[in-house]
Amino acid sequence: MKYVSIKDKKYIAIILLFLILAGILSLFLRIPDISLLQLRIIRSSLAFLVGASLSLSGLLLQTLFQNPLVEPFTIGIAGAASIGAAISIIFPFIPTKISAFIFSILIVLFMARLSRKTSSSELLLTGLMISFLTSAIVTLLMGLLSPHQIGALTHWMLGGVEGKRVEDLLLLAIFFVLIWLINITKSNDLNALLLGGESAKSLGVEVEKLQLIIYLSTSILTSITVSIVGLIGFVGLLIPHFSRLIFGSDHRILILIAPIIGGLSLLFTDGIMRFIWYPIEFPLGAVTALIGAPFFLFLLVRKRVIA
Amino acid sequence: MKHSLGIRDLSYSYLRNSWSLGPLNVEFESGINLIVGPNAAGKSTILKLLAGLLNKKSGDISFDGKNIEGFEKRDFARLVGWLPQSTYNPPHLRARELLSLGRIPHLLNFWDDLLGREEIDALFSRLEIPCKPDDFVESVSGGTRQLLNLGRLIIQAPLFFLFDEPFEGIDQRHQKLALEYLNEKVLQEKSLIIISTHHLIQPLRFAQNIFVVENGLIKRIEKERGHESDIYCQFYF
C-alpha cells in the first residue's frame, strides 16, 4: 500500500514472517506423540480460520455502523449466538449452528435498526446491555443442566480451539472462503459506505443490498465460530484497527489483509498459550480478552480526547 | 449544449411531521444556481429529492429531459453528485483517500486504481487545501475537512452538482477559489451547479441565478448586481 514507507514494509514483512514461522513451529512444539500431529493441524487451522472470520466480521461491522468500537462481541452478536448454542446443549435435537445463527441475525438486525436513530455511545451501551442479558440468560439456562453438561458449557464458553472435529473445521472453512470472496468483490462499495449510507447511495452504491450482505456475512461467520469455539473476543476489534493503521482505509486492501493478520495472530496466541505453562493450557478467549479489553479502553479514551 | 434540470409539481412530506414541501415548479439551467432561504425552509429536502435519496410524494424530476426514475444507479452517480450538509469522517482516513472516494462511480472493475494520484494532487494545489494529501482527515481543522468533502464531490465530476451548505467554516478566500473552479466547469462543460447556502458574499458574485425557498415553496428572483445586500435583507429580516 502506498502509505507504508519501505522501512515499515520491511518491519511488517518481518512480523508476518515471524507469525507464520511461529505458527508452523507451534505445530511441532512439545508434541508428545507424532500421531497427534493430525489433531495439531486441525487445531491450528481452526485457530487461523476463527481469527480470520472474526477479523472480517469486525471490519465489516465497523464499516457498516461507522463506528470503530464495534465488533461481534461489543454489540452482542456473539452473546446472542451463545444463547443459541446453550439452547442446543439443553435440547440436543436443535442444531447448534442454526439456533446460534438465528439469534445472531436477530441481534444484527435489531442493532442495525437502532443505529439509524442513536449515537455511537448509545449503540455501544446497548451492545453492552445485550451482552449482560445474554450471559444472564445463559447462566439461567445452566440451572436446567446436569453438572456434567455445565462443565461442557463452561468449557465451551471460555473459548478455545482444542479438540474440535474436522467437520466443524471444514464447515467454517467453506463459509469463510465464500463470504470472503463475496466481500472482496464488494470492497469498493464498502469504501463508499465510509461516507455513510446516503452518500454511498449518491455514489451509485446499492446500499440496501450491501447492508444485507454485511448482516448475513457477519451473522453467519459469528454464529459458526461461536458455536464451534465459544467466546473469543476482541480479535474482531483489534485486528481491523491494526490493519487500518498500517494499510490505510482502502477496503480493497483491508478485506484481503485483515483476515490474514487476524488468522495469524490467533494462531500465534494459541501457540504461545499452549507451551507457556505446559502442560496447563489457558482458555484462548480469556487471553484475547486480557489483551483486547485494555486496548478497547485505550481507543475509547483516545476517541473522547479527539471529539 | 446547455443542460437543464426540470421540476414539475414536486411535493414531499415527512412521516409523523406536519411540514410539507411543494408543489414545486422550477427549471434550473447550466450555471451556478444559488438556493437561499431561512432555516427549515426545505432547501436540504429539495436537494435530497434531486439526488434521488428521498421518495417524492408526487411530481416529476428530469435531468436533460430524462426522468429521474429512468436511470441506472451508477449512471446516475456519474451524472448527478450530492454533498450533504454534514459529513461523517471515519478514523484513519487520509485526505487523499477521502477525495478518491469520489471516483467510485467511475471505476469499472474493483481492481481499477481508486487513488488517481495526479488528479487529486492537482485539485489540492488548485483549491489550495491547507493540509497535506497524506494527513488524516480526523486531524485537520473543521473548515479544511469541509473543503476536503467539497473536493470529494469535485473529484466525482458529475454534470449536475448539488451542494448542500458547502461553505460552512470555509474562509472567503477558499470559497472564492472553489467557486472559480466551479465557474470554469460551467464555462467548459456547461455544468449545472446548485448551491444551497447562507454564505452569500462570494456565491452572489458568481451565481447566474438565485432561487428563494420559503415555507416549502421555491421562486426565482432576479439578480441585480450591486444589490447583494438587498437580497440578503429582503429574505432574512
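What you are looking at is a predicted structure, and each value in this text was computed from that prediction instead of being measured. Note on naming: letters A, B, ... go to the chains in the order of the sequence lines (proteins, then strands), and numbering restarts at 1 for each one.
In this structure, chain A has no heavy atom under 4.5 Å from any part of B:R78. Proximity to chain A (any heavy atom under 4.5 Å) is shown, for B:P105, by both the backbone and the side chain. No part of A:Q62 comes within reach of chain B, as not one of its non-hydrogen atoms sits under 4.5 angstrom from that chain. Neither the backbone nor the side chain of B:L162 comes within contact range of chain A; no heavy atoms are under 4.5 Å apart.
Between B:I104 and A:L203, the shortest heavy-atom distance links the atoms CG2-O, 4.4 Å. Between B:L53 and A:E198 the shortest heavy-atom distance is CD2-O, 3.6 Å.
Residues B:L98 and A:L195 form a side-chain contact, since some pair of their non-hydrogen atoms from C-beta on lies under 4.5 Å apart. For the pair B:W82 and A:S199, the minimum side-chain heavy-atom distance is below 4.5 Å.
By number of non-hydrogen pairs under 4.5 angstrom with chain A, the leading residue of B:L101, B:L93, B:T87, B:N149 is B:L101.
Residue B:F63 places its CZ atom among more than 12 non-hydrogen atoms of other residues, nucleotides or ligands, all under 6.0 Å distant. Within 6.0 Å of the CD atom in B:E72, the count of heavy atoms belonging to other residues, nucleotides or ligands exceeds 12. Enclosure of atom CZ in B:F71 by more than 12 non-hydrogen atoms of other residues, nucleotides or ligands within 6.0 angstrom is indicated.
For a heavy-atom cut-off of 4.5 Å, chain B lies close to no residue in residues 104-112 of chain A.
Remark: A:S249 OG to B:R96 CZ distance equals 14.0 Å, nearest 0.5 Å.
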